[in-house]
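Okay, structure first, notes after.
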Number of protein chains: 2
Amino acid sequence: MEMDERKIKILKAVIRNYLETGEPVGSRTISKYTDLNLSSATIRNEMADLEEMGYILQPHTSAGRIPSDAGYRFYVDNMMREQQEKLDKRENELNKKEELLLEKVDRVEDLLKNVAKTLAVNTNYATMVAAPHKNGRTIKFIQISQIEKGKILAVIVLEGNVIKNTIIENLTDIDTEDCLKLNIMLNSTVAGLALEEINLAIISRLTAQAGEYGMLIRDILDAIAAAAASEDDIQIYTSGATNIFKYPELSDNTKASKLIYTLEEKKMLANLVTDSLDKDSDGDIKVYIGEETPVESMKDCSVVTATYELEDGAKGTLGIIGPKRMDYEKVVETIKNIKTQLNDAFKH
Amino acid sequence: MEMDERKIKILKAVIRNYLETGEPVGSRTISKYTDLNLSSATIRNEMADLEEMGYILQPHTSAGRIPSDAGYRFYVDNMMREQQEKLDKRENELNKKEELLLEKVDRVEDLLKNVAKTLAVNTNYATMVAAPHKNGRTIKFIQISQIEKGKILAVIVLEGNVIKNTIIENLTDIDTEDCLKLNIMLNSTVAGLALEEINLAIISRLTAQAGEYGMLIRDILDAIAAAAASEDDIQIYTSGATNIFKYPELSDNTKASKLIYTLEEKKMLANLVTDSLDKDSDGDIKVYIGEETPVESMKDCSVVTATYELEDGAKGTLGIIGPKRMDYEKVVETIKNIKTQLNDAFKH
DNA sequence: TGTTAGCACTCAACTCGTTAGAGTGCTAAC
DNA sequence: GTTAGCACTCTAACGAGTTGAGTGCTAACA
C-alpha cells in the first residue's frame with residue numbers, strides 16, 4: 001500500500017491528538033478537527049489502511065487508534081525534516097536566541113548538574129547529562145610536594161585542565177630541594193604524553209634517575225594510573241527522576257521502579273551515552289522511540305539525546321527520557337537550545 | 001489505665017505479626033500464636049484497652065488492629081533497652097564480628113557510596129550516607145604553580161587531608177622563582193588558620209607583601225573562599241531509592257514520588273543529618289517513627305540514623321529510610337555493624 | 001470510483017446489588 | 001477474671017445490567 005498525502009495528514013492528526021489527550025483517538029474526532037472535510041466513515045477506511053501498514057493500532061476492538069512505534073518514527077522523521085527545511089529557508093535570518101537559562105557557575109561539574117536540572121524543569125521529563133570524556137588525554141603538568149612528614153601530595157593536571165590529586169604515604173623524608181628536582185624530572189619526561197603511553201621503559205628510566213626516591217616515583221606513577229582509571233568511567237548526572245510519575249503510562253510500580261533504578265545506577269546509562277556518541281557522528285539530535293532505545297528498562301519510553309563538544313575535542317552527551325507520548329517538537333527544540341548554550345559555555 | 005505484663009505481650013505480638021504480614025491482625029490470631037493461652041474474647045478486651053491507650057488502631061470497624069506510631073515507639077524503646085541489657089550481660093563475651101561487608105576502596109567518596117549501596121542491599125530499604133563534615137577546618141598547605149601561560153593552579157590542603165583545587169586565569173606572567181616566594185609567603189601566613197580566620201587585615205597585608213602579584217593573591221584568596229563554600233554544603237550519597245516500591249504502603253504515586261524527590265534533592269536530607277548530629281550526642285542510634293521525622297515527605301516512613309566519627313573529629317551520618325512496618329531489630333543491628341566498620345575504616 | 005449515511009456489533013467502564021468472610025463488641029454464663 | 005455465643009459491621013469480590021464510544025460493513029449516492 002502507498003502512503004499518500006491524505007494518509008499522512010490523518011496520521012499526523014491522530015498523533016497530534018494523542019499527544020495532547022493521551023486517549024485513543026476515534027474517526028469522528030479526526031473528521032471534526034481537521035480541514036480535510038471528510039466524514040468519519042472515510043476516515044475509518046483510511047485508518048484501517050494505516051493500521052494495516054503498521055503506523056497505528058487499537059488497544060482493543062472498540063477503541064480509537066493510538067500511534068505505534070513506527071507511527072511515531074514516521075512522525076518524528078517528518079517533523080525533523082520539516083524543521084530542517086524551515087531552518088534552511090530562513091537561514092540565520094532571525095535565529096532567535098532564547099535567554100540564557102543556565103546560571104553561570106565556575107566548576108564544570110556544577111554546570112552539568114545545573115544543565116540536568118534546567119532540562120528537567122523545562123521539559124518535565126527525566127534527564128541525564130554525561131560529562132565530557134576523551135580517550136588518551138595527555139598529561140600537562142605534574143607536581144609533588146611534601147605537606148607533612150611522611151605525606152606527599154601529588155597533583156596531576158591533564159589536557160583540558162582536568163585535575164587529579166592524591167596523597168601518597170611515604171616513609172622516607174624528602175627535602176625541598178630534592179622535591180624540586182623530582183618535579184623537574186617528572187615533568188620533562190612525562191608531560192605531553194598520554195596516560196597510556198607511560199610504559200615500562202619510561203618507568204624504569206625514571207626510577208633509575210630518581211635514585212634513592214625510586215620507590216616514591218613508583219608510587220607517583222601508580223597514582224597517575226589511578227587517575228587514568230577514574231577518568232575512564234564516564235560521570236553521569238541525572239535529574240527529574242520523579243517526573244516519571246507525571247505520566248500514567250510509565251508510573252505503574254514495576255516500570256517506574258526499573259526506570260528509576262536505571263537512573264540511579266548510572267553505569268547502565270553508559271549504553272545510551274556510547275550509543276549516541278557512536279551514531280551521532282553528524283552532531284545531530286537522535287530520537288529513540290520505544291524498542292529502539294539501547295537500554296532495556298526504557299522500552300516503554302522515548303529518549304532524545306544530543307552530543308556536545310568541548311574545545312579540546314572531548315565529547316559529552318545529554319538527553320531526556322520521557323513517555324513515547326512526548327512533545328517531540330518542544331523537546332528537540334529545547335535540547336538543541338541547551339546544546340548550543342553548552343557548547344558556548346565551554347568556548348569562553 | 002496501666003500497662004501490665006500481659007498487655008505488653010499482646011502489643012508485642014500484634015506488632016511482630018503486623019511486621020511480618022502487613023495485614024491488620026485480629027484477636028483470634030493472637031490467641032492462637034502466643035503462649036498466653038487466652039481465648040480470643042479476652043484478647044479482644046485487652047486490645048480494646050490498648051486501643052484506648054493509643055498503642056494500636058483499627059483501619060476500619062471490622063478489621064484487625066495495626067500498631068500506631070506510639071505503639072511502634074513503645075516497641076522500639078522496649079527492644080532497644082532489652083538489646084542493651086543483653087549486651088551488658090555478656091559484656092564483650094563473644095561480640096561476634098560479622099565479616100567485613102565493605103570492599104576496600106581508596107577514596108573516601110567511593111567508600112561512602114559503597115556504604116550507601118551495601119546498606120541498601122542488606123536492608124532492602126532506601127539509604128543515605130552523609131560525608132564527614134567539620135566546621136572550622138584549618139588550612140594545612142597551599143601551593144600555586146603556573147601550568148601554562150596565563151593559567152595558575154592553586155591547590156589547598158585542609159586539615160584532615162581534604163584537597164581543593166582551582167585553576168586561576170592570570171593575565172600577568174609569573175616566573176618560577178617568584179612563584180616559590182609566593183608559596184613560602186602564603187604558607188607562612190595562612191597555614192594553620194581556619195578558613196574563617198582569614199580577615200581583611202590578613203588579606204591586605206598579604207596583598208601588600210606580594211607587590212606586583214597583589215591581584216593574583218586576591219584571586220587565590222577568592223579561590224580559598226570558594227573552597228570554604230564548597231566545603232560547607234554537606235555531601236550526601238543515597239542508594240536503593242527503588243526499594244521504596246517494595247512496600248505497598250509507600251508506593252502509591254504521590255508518596256513514592258515525594259520520597260524519591262527528597263532522595264534526589266539532597267539538600268532536603270540536610271534536615272535529617274543536622275537533626276541527628278544535634279541530638280545524637282551520645283553517639284547512639286536514633287529511630288524516628290512516622291511523624292517524628294524532621295523531613296516532611298517521610299511522615300509515612302520510619303528513619304533510623306547513626307553518626308560516625310573520623311579521627312580528626314569530623315562527623316558524618318548514615319541512615320536508612322523505610323516503611324514504619326520495618327524490621328527494626330535487624331535494621332538497628334545492621335546499622336550498628338556498618339557504623340563500627342566505618343569507624344574502623346577511618347582509623348587506619 | 002470515491003464518499004457517505006446507516007446500522008449492527010463489540011468492548012471497556014461504570015453502577016448496583018448480593019454474598020462471603022473476617023473481625024468486632026456485648027452479654028450472659030462459667 | 002475468663003470464655004462461649006451471637007448479632008452486627010464493614011470490606012472485598014463477584015456478577016448482571018447499562019452506557020457510550022467506536023468500529024466494520026453494506027448499500028446508496030455523486
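On a predicted model such as this, the values are computed, not experimentally measured, just so you know.
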- Pair A:Tyr125 + A:Tyr247: ring centers closer than 6.0 Å: yes
Rounded to whole Å, the CD1-C1' distance (B:Ile10 to D:dT2) equals 13 Å
Those residues at least two apart in sequence (or on a different chain) that pass side-chain contact (heavy atoms from CB on, under 4.5 Å) with B:Ser39 are B:Ala41, B:Thr42
Distance-only donor-acceptor hits, side chain of residues 30-37 of chain A, under 3.5 Å, sequence neighbours excluded:
residue	atom	partner	partner atom	Å
A:Ser31	OG	A:Leu38	O	3.3
A:Thr34	OG1	A:Ile30	O	2.8

| task | Ignoring backbone atoms, establish whether B:Ser39 has a side-chain N or O less than 4.0 Å from OP1 or OP2 of D:dT3. | result | yes
Separation of C:dG2 atom P from A:Lys7 atom NZ, nearest Å, is 11 Å
Taken in chain and number order and not counting sequence neighbours, the residues that satisfy side-chain hydrogen bond (donor to acceptor under 3.5 Å, both in side chains) with A:Asn124 are A:Lys246
Rounded to whole Å, the CD-P distance (B:Glu46 to D:dT2) equals 7 Å
Hits for salt bridge (charged side-chain N to carboxylate O under 4.0 Å, His left out) against A:Glu249, two or more places apart or cross-chain, chain-then-number order -> A:Arg325
Here the distance between atom P of D:dT3 and atom NZ of B:Lys32, to the nearest Å, is 16 Å
For DNA chain C, the dot-bracket notation using Watson-Crick and G-U wobble pairs below 3.5 Å, [ ] for pseudoknot-type crossings and | for other-strand pairs, is ||||||||||||||||||||||||||||||
The complete set of salt bridge (Lys or Arg N to Asp or Glu O under 4.0 Å) pairs with one or both residues in residues 53-79 of chain A, sequence neighbours excluded, reads A:Glu51-A:Arg65, A:Asp69-A:Lys324, A:Arg73-A:Asp77, A:Arg73-A:Glu292
Contacts of B:Glu46 meeting salt bridge (charged side-chain N to carboxylate O under 4.0 Å, His left out) (sequence neighbours excluded), chain-then-number -> B:Arg6, B:Lys7
Sorted by chain and number, sequence neighbours left out, salt bridge (charged side-chain N to carboxylate O under 4.0 Å, His left out) with B:Glu23 holds for none
To the nearest angstrom, the CG-P distance between B:Asp49 and D:dG1 comes to 12 Å
B/S/- along nucleotides 19-30 of chain C (protein heavy atoms under 4.0 Å) is ---BSBB-----
When rounded to whole Å, the CD1 to P distance for the pair A:Ile43 and C:dT4 reads 9 Å
